[in-house]
Amino acid sequence: MSIDAAYHQLLDVCARIESTLPGTPHATRAAAISARLSGPLRVAIAGRLKAGKSTLLNALVGERLAATDAGECTQIVTVYGRGDVYDTRGFGRDGAPLPVGLRRVGEGDDGSWEIDLKGANSSSFDRIEIDWPASVLQQLTLVDTPGLGSLNEAISRRSLDFLLAASDRESDTSGADAVIYLMRHLHALDAEFLGAFLDRRVVGASPVNSVAVLARPDEIAACRDDAMVSADRIARRMEADPVVSALVGSVIPVAGLLAETAATLREREVAALREMAHCSDDELAVLLRSVDDLCDVSRTSLTVETRRELLDRFGLFGLRLAIRAIRSDPSMTSSDLARWLLAHSGLARLRNVITTTFLPRARTLKSHTAVIELDALARAFETLHPVLAADVRRQLERLQVEGVDLAALTVAHLVASGTVALPPAHRAEAERLLLAPEGPMAMVGGVVGEPELLEAIERWRTLGADPRGGPLAVQVCDTIARVYELALAEAG
């Protein structure tokens, strides 16, 4: 069964629940699952406390929307979606609406946006939803989550509940289809979270729906100019680690603060940078040596307040890069500098992963989430309507077995992580087939003829029959053989 067929069957399941149980919370929840299926891909940004999640989200959106301090709003799951105008909505633990607002703070149009909780405590909120007219939100809904590993266990629990336990929540808008996970190194808590994200009780979890961001790479080696080069080497070593590769599809160093500032660069900041660039080499070396030197009242004609603001916006690493760029090309405009800084932040590589890995799989990833949520919903109304619940769960089980794209996500994880060891030639074929962003059917459809397809089916069925392989190897071989069988059926 192709992913398009599975996708439409899931929509049919939602419609059936709505028509059979009208006026019930179950019908409302089914309608929400259907809307999620038809809407943008939901990507969560997760990580430990102070990893830079909100800063990265701001960089992706191109606006300083998400709170980056340690205030109350960083303790609430916040969902950013596309809207023609900005709008905010708050929801309590029981799903009831709570009043919230959004206001700009700072000077004129240069300030950041701040969520106003209208006097409520953050613990009262289940989530906040913000609509914003940003092009990136046309295809993606971004979810900013509270930091894991907080001393306040309730704050960490909010992220885990939202991302991992959709089946146990009353909310019909929980969960994520993919995750961007920020980490400095693979801490035990990171491995625990990513492992839990992969193991969500149903077929379809895979590291292809998660990417790791090496957070704050500009701070490596005391913010030296070559910090990103060092970070890239570290990321490559992490990516080659079997423990890491079993959890995420790739590791990308991204200087989130630099990317956020590049995306929201102000003319007055560029003017201040130009003034600093006019210092002599010796003066500049001392000025940018440390935070204390930069903020020394005796340095440059810029006020200490201006220098502190630049430090908050760029960090030492970003200031060194920006001034180096201006000195190397004094004719550089503000737009030129913004593009230059963005190119050196690593954000373009992350956007490329989103564009080439997440978005082409959007229907598969959303279908995977829908299977999880519909399975939970069927359990929820099992007492009320046992026949419908049994029928829904049988159909979901059939989709998981016959839906080759969903099954391919699971076996892609088994192959990519090395959990299932295949002969080199078979492994290369499996990775080419299973890791294709467009899905396995796109790799075989119209490319090979009937004799080649028959030979491939026989090859993988034979390998799967090898008793030395074990049950997981059988699962891999059976899934790949079914991909070729479906291609053969469609060709006929």
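Start at 1 with the first residue, then count along the sequence.
- Judged by distance alone, with hydrogens and angles left aside, the side-chain atoms of E269 form a donor-acceptor pair with the main-chain N or O of R266 at under 3.5 Å.
- Here the side chains of K366 and R36 are not in contact, with every heavy-atom distance at 4.5 Å or above.
- Side-chain contact between L374 and I33 is present, with heavy atoms from C-beta onward closer than 4.5 Å.
- Put simply, the side chain of T355 never gets that close to the backbone of N352: no donor and acceptor are under 3.5 Å apart.
- By the side chain to side chain contact (heavy atoms under 4.5 Å, CB included) test, Y7 is found to be paired with L11, L37, S38, R363, S367, residues two or more places apart in sequence or in another chain being considered.
- Not a single salt bridge (Lys or Arg N to Asp or Glu O under 4.0 Å) links E18 to another residue, sequence neighbours left out.
- The salt bridge (Lys or Arg N to Asp or Glu O under 4.0 Å) test applied to R432 returns no partner, not counting sequence neighbours.
- Side chains of R82 and Q139: a donor-acceptor N/O pair is absent below 3.5 angstrom, by distance only.
- Put simply, the side chain of W132 does not reach to within 4.5 Å of the side chain of D87, judged on heavy atoms.
- For the pair F314/L341, a side-chain contact is recorded, criterion being any heavy-atom separation below 4.5 Å from C-beta on.
- Residue pairs meeting the salt bridge (charged side-chain N to carboxylate O under 4.0 Å, His left out) criterion with at least one partner in residues 343-353, sequence neighbours excluded, are D232-R349.
- Looking at E260, its side chain never comes within 3.5 Å of a backbone N or O of N58 through a donor-acceptor pair.
- In terms of modelled atom types and a separation under 3.5 Å, the side chain of T357 and the main chain of I354 share no donor-acceptor contact.
- Applying the salt bridge (Lys or Arg N to Asp or Glu O under 4.0 Å) rule to D131 yields the partners R89; only residues at least two apart in sequence or on another chain are considered.
- Looking at L265 and L337, their side chains come closer than 4.5 Å, going by heavy atoms from C-beta outward.
- T369 and D177 share a side-chain donor-acceptor pair at under 3.5 Å.
- Side-chain N or O atoms of K53 include none that pairs as donor or acceptor with a backbone N or O of Y181 at under 3.5 Å.
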D144/S54 under side chain to side chain donor-acceptor pair (under 3.5 Å): CA gap, chis, key distance, verdict: CA-CA 6 Å; D144 191 16; S54 300; 2.6 Å; yes
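- Of the possible donor and acceptor atoms, none in the side chain of T261 sits under 3.5 Å from a partner among the backbone N and O of L258.
- Judged as a salt bridge (Lys or Arg N to Asp or Glu O under 4.0 Å), and not counting sequence neighbours, E397 has no contacts.
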